Structures are given as C-alpha cells and as structure tokens.
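Below is one structure, written out as structure tokens; the observations come after it.
All values derive from a computational prediction rather than experimental measurement. Convention: sequence-line order gives letters A, B, ...; per-chain numbering from 1.
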Amino acid sequence: MRRGMASRCNVPELPEVEVTRRRIAPYLVGRRISSLHTTADSYFFLTPPKRLRGCVEGQRVQHLDRLGKYLIAVLEGDGRLVIHLGMTGQLFAAGAASVRLLSATARASLAPDEQADFQPDDHTHLHFVFDGDGPDIYLRDVRKFGKVLFVPAGQNHPRLEKLGVDALAVTPELLFSATRKRIVPIKSLLLDQSILAGVGNIYADESLFLAGVRPARRASRVTRRECARIADGLCRVLGRSIETGGSSISDYVAPDGQDGSYQDERRVYARSGEPCRVCGTPIRKIVIGQRGTHFCRTCQR
DNA sequence: ACCGCACCCTGAGCGC
DNA sequence: TGCGCTCAGGGTGCGG
C-alpha cells in the first residue's frame with residue numbers, strides 16, 4: 001500500500017517534545033550560554049531576536065521543563081526561554097545531527113560521512129554557543145510554525161497561561177467534566193490545548209480508536225465510561241510513544257529509511273483505505289475542524 | 001460558545 | 001525535465 005505524505009509527517013506532539021527534552025537536557029542544563037545566534041526577525045520570534053539575545057546571553061540554564069508541546073528552559077534568575085517546535089522544529093546538539101535534518105535534495109548532494117556533520121543553514125533560527133566544552137545546540141524549523149519567546153522572571157505569557165493540564169496527567173474525571181455541555185466533536189476537544197496540553201492530530205485519532213469512540217461524536221454525548229477509556233487510551237499511546245522514542249525522532253535514520261518505531265504501531269492515523277488491524281474494515285478519513293481524521297467505522301461508535 | 005476560514009511557510013508529490 | 005498546483009500541519013485570530 002502506498003504511503004502518502006501524511007504518513008511521514010514529523011510533527012512534534014507531546015511524546016516527541018518529551019523525547020527531545022530528555023535528549024537535549026544533558027547538553028543544556030548547567031551550561032552557561034555565551035552567545036546566541038539567530039536568523040532575522042520574523043513571526044517565529046515572539047520575542048524579537050535582539051531582545052532575546054540580551055535576555056539569554058550570559059545566563060546559565062537551570063533546568064529544562066515541558067508543558068504540553070512547549071519546552072521551557074529555566075534560566076538563572078528564573079527567566080524562562082520558551083520554545084514551541086511547531087510542525088517542523090528540530091532541537092539538537094552538534095554531532096547528534098541526523099540526515100533527517102537536511103532536505104532530500106541537500107542529503108543527496110552529500111557524501112555519507114558528511115551527512116552527520118551539521119552546519120547551520122537558513123532554517124537554523126537559534127544557535128546556542130556555551131562557555132566551556134561541549135557541543136553547540138541548534139534549533140531548526142523549516143516551516144517556521146514554531147515559536148520562541150522569553151518570559152522574564154515573575155511574569156507570565158498568554159501562551160502558557162492558556163494551557164490546560166499536561167496530557168500525561170489526564171484523568172477520567174477531568175475529561176468527563178470538560179466534555180459536559182460541549183457540542184464540539186470529541187476530537188476537537190482533545191486538540192484544544194486549553195483543556196489538555198500536548199495532544200495533536202496523531203494521538204487524538206489513536207486514542208479515540210483505542211477507546212472505541214468516533215471522533216465526530218459530540219463531546220457532550222461521550223459517556224463517563226468512554227471518557228475513562230479515552231483517558232486511558234491517551235496515557236497508553238503517549239506513554240508508548242515516549243518509550244519508543246517518539247513517532248519520528250530517532251538517533252539516526254537511513255537516508256531512505258523508515259521513521260521511528262511508533263509509525264509501525266499506528267492503528268488509524270494516515271492509514272486511510274488500509275484494513276483496520278482489529279477487524280479489517282478499511283480505515284476512513286474525514287475532516288474534522290480542518291484536520292485530517294482517521295477512524296474505523298466498525299470499531300468506533 | 002461555536003464554526004468555518006484565512007493566515008503564517010515550505011517541501012514533497014503529483015499532473016501535465 | 002520542469003513547471004505549477006495542492007496538500008499537510010499548530011496555533012491564532014477573525015467574522016458570522
């Protein structure tokens with residue numbers, strides 16, 4: 001069966017951001033940023049580059065947290081450097097670069113031994129240099145749907161204030177109460193970051209499959225029992241994806257190879273037309289809230 | 001409160 | 001071969 005573009009999607013949702021956090025933290029935490037290089041100002045920078053540099057240069061990174069799909073580097077003095085990876089954001093340390101970081105065209109022009117040697121390009125919006133030894137860190141984002149901002153100590157930002165509970169901490173009760181009196185499709189509610197932070201398109205579809213609930217169902221019509229199954233499905237699918245290194249992030253990927261192992265576990269996402277793994281019914285694709293939505297008519301009610 | 005839609009951006013895949 | 005079109009996606013913000 002042909003794999004469409006969607007199946008290769010590389011969008012960082014909660015698991016991918018968490019995997020990124022775990023992998024990058026050892027290279028970031030405890031180090032002092034000596035300089036930050038950026039691309040030109042654009043809507044990518046919620047804090048303009050010049051001010052951003054002034055805020056982080058000379059600062060030591062105290063820890064690296066995550067809330068939903070946001071990475072939050074807490075600096076000395078408790079200012080926070082906040083990063084959202086958007087659709088194509090890649091945060092990585094020099095030397096840990098994989099060929100995935102380059103476009104197909106760029107890859108093709110490189111010899112194999114050159115491919116792992118990353119050099120900043122036009123899409124590299126942040127380049128951190130640190131005091132002392134250790135690799136530089138880069139943030140690359142081809143489509144610039146990502147965001148970076150600095151939140152001074154004691155201040156907050158609407159982006160963070162609006163976020164609901166981190167999706168890993170979802171409970172049946174939380175979901176049940178959030179769905180009452182809501183006529184939006186249950187899938188749209190799962191994607192609402194002000195309710196659950198971190199759920200994106202893949203994991204919304206996958207968790208609804210595990211719960212046996214059709215994505216188009218009105219949220220208010222989802223029963224308490226089904227809410228519990230959705231919460232459970234979310235925990236399973238998010239946890240499993242983190243375990244396997246995220247659906248698309250892996251240490252190294254062969255130039256024409258498959259993505260991370262989670263893609264082999266997808267039950268519905270980007271499998272439209274393919275047989276349901278449980279009952280064999282072809283997976284259907286519809287659009288809900290302007291998002292491609294995948295489900296099994298037989299297994300989901 | 002909710003829906004539909006436009007917008008930001010670019011690469012891949014397609015038809016011609 | 002190469003052009004131009006379409007599509008995908010997260011999040012915000014608009015008008016209805």
Hey, is the side chain of A/H123 poking within less than 4.0 Å of OP1 or OP2 on B/dC9, counting only N and O atoms? no
How many Å lie between CG on A/L46 and P on C/dG10, as a whole number? 18 Å
A/Y269 six-ring face occupied by A/R271 cation (under 6.0 Å, within 45°): no
Within the 4.0 Å heavy-atom criterion, would you say A/R159 contacts the bases, only the backbone, or no part of the nucleic acid? sugar-phosphate
What's the closest nucleotide to the A/Q290 side chain, out of C/dG10, B/dT10, B/dG4? B/dG4
Whole-Å distance separating the CZ atom of A/F44 from the P atom of C/dG10: 17 Å
Is A/K144 near enough to B/dC7 that one of its side-chain N or O atoms lies under 4.0 angstrom from OP1 or OP2? no
Starting from P on C/dA8, measure out to CD1 on A/I286 and report it in whole angstrom. 14 Å
From CG of A/L189 across to C1' of B/dC3 the rounded distance in Å is 15 Å
Is the Lys NZ or Arg CZ of A/R214 less than 6.0 Å from the centre of A/F295's six-membered ring, within 45° of the axis? no
Can you measure A/R291 atom CZ to C/dT12 atom P for me and round it to whole angstrom units? 12 Å
Could you tell me whether A/G292 contacts a base, only the sugar-phosphate backbone, or nothing, with contacts defined as non-hydrogen atoms closer than 4.0 Å? sugar-phosphate
Bend angle of the helix from B/dC2-C/dG16 to B/dC16-C/dG2, from helix axes over five pairs at each end, nearest 10°: 50°
Select one nucleotide: of C/dA8, C/dG10, C/dG9, the one nearest the side-chain heavy atoms of A/Y269. C/dG9
Here the residues of residues 179-187 of chain A within 4.0 Å heavy-atom distance, strictly under, of DNA chain B are A/K181, A/R182, A/I183, A/V184, A/P185
For A/L46, the rest of its hydrophobic cluster, which grows through side-chain links under 4.5 angstrom: A/L67, A/Y70, A/I72, A/V74, A/V82, A/L149, A/V151, A/L160, A/L163
Check: A/Q300 side chain, A/V213 main-chain N or O, donor-acceptor pair, under 3.5 Å: yes
Heavy-atom side-chain proximity of A/C235 to A/V170 below 4.5 angstrom: yes
Is a salt bridge present between A/R301 and A/E226, judged by a nitrogen-to-oxygen distance below 4.0 Å? no
In whole angstroms, how far is the P atom of C/dG11 from the CZ atom of A/F45? 19 Å
Do A/R224 and A/L175 have side chains that approach each other closer than 4.5 Å (heavy atoms only, starting at C-beta)? no
Nearest listed nucleotide, side chain of A/N201, among C/dG10, C/dG11, B/dT10: C/dG10
Does A/H84 place a side-chain N or O at less than 4.0 Å from the phosphate oxygens OP1/OP2 of C/dG10? no
Does a sphere of radius 6.0 Å around CG in A/N156 hold more than 12 heavy atoms from other residues, nucleotides or ligands, not counting ones at 6.0 Å or beyond? yes
Presence of salt bridge, A/D205 and A/K187, under 4.0 angstrom: yes
Between A/K147 and A/K162, the residue closer to the 5' end of DNA chain C by nearest nucleotide is A/K147
For A/K69, which contact category applies under a 4.0 Å heavy-atom criterion: base, sugar-phosphate, or nothing? sugar-phosphate
Value in whole Å for how far the P atom of B/dC9 lies from CZ of A/F145: 8 Å
Atom CD1 of A/I288 and atom P of B/dG4: how far apart are they, to the nearest Å? 10 Å
Does the side chain of A/S220 come under 3.5 Å of the side chain of A/R180 through a donor N or O and an acceptor N or O? no
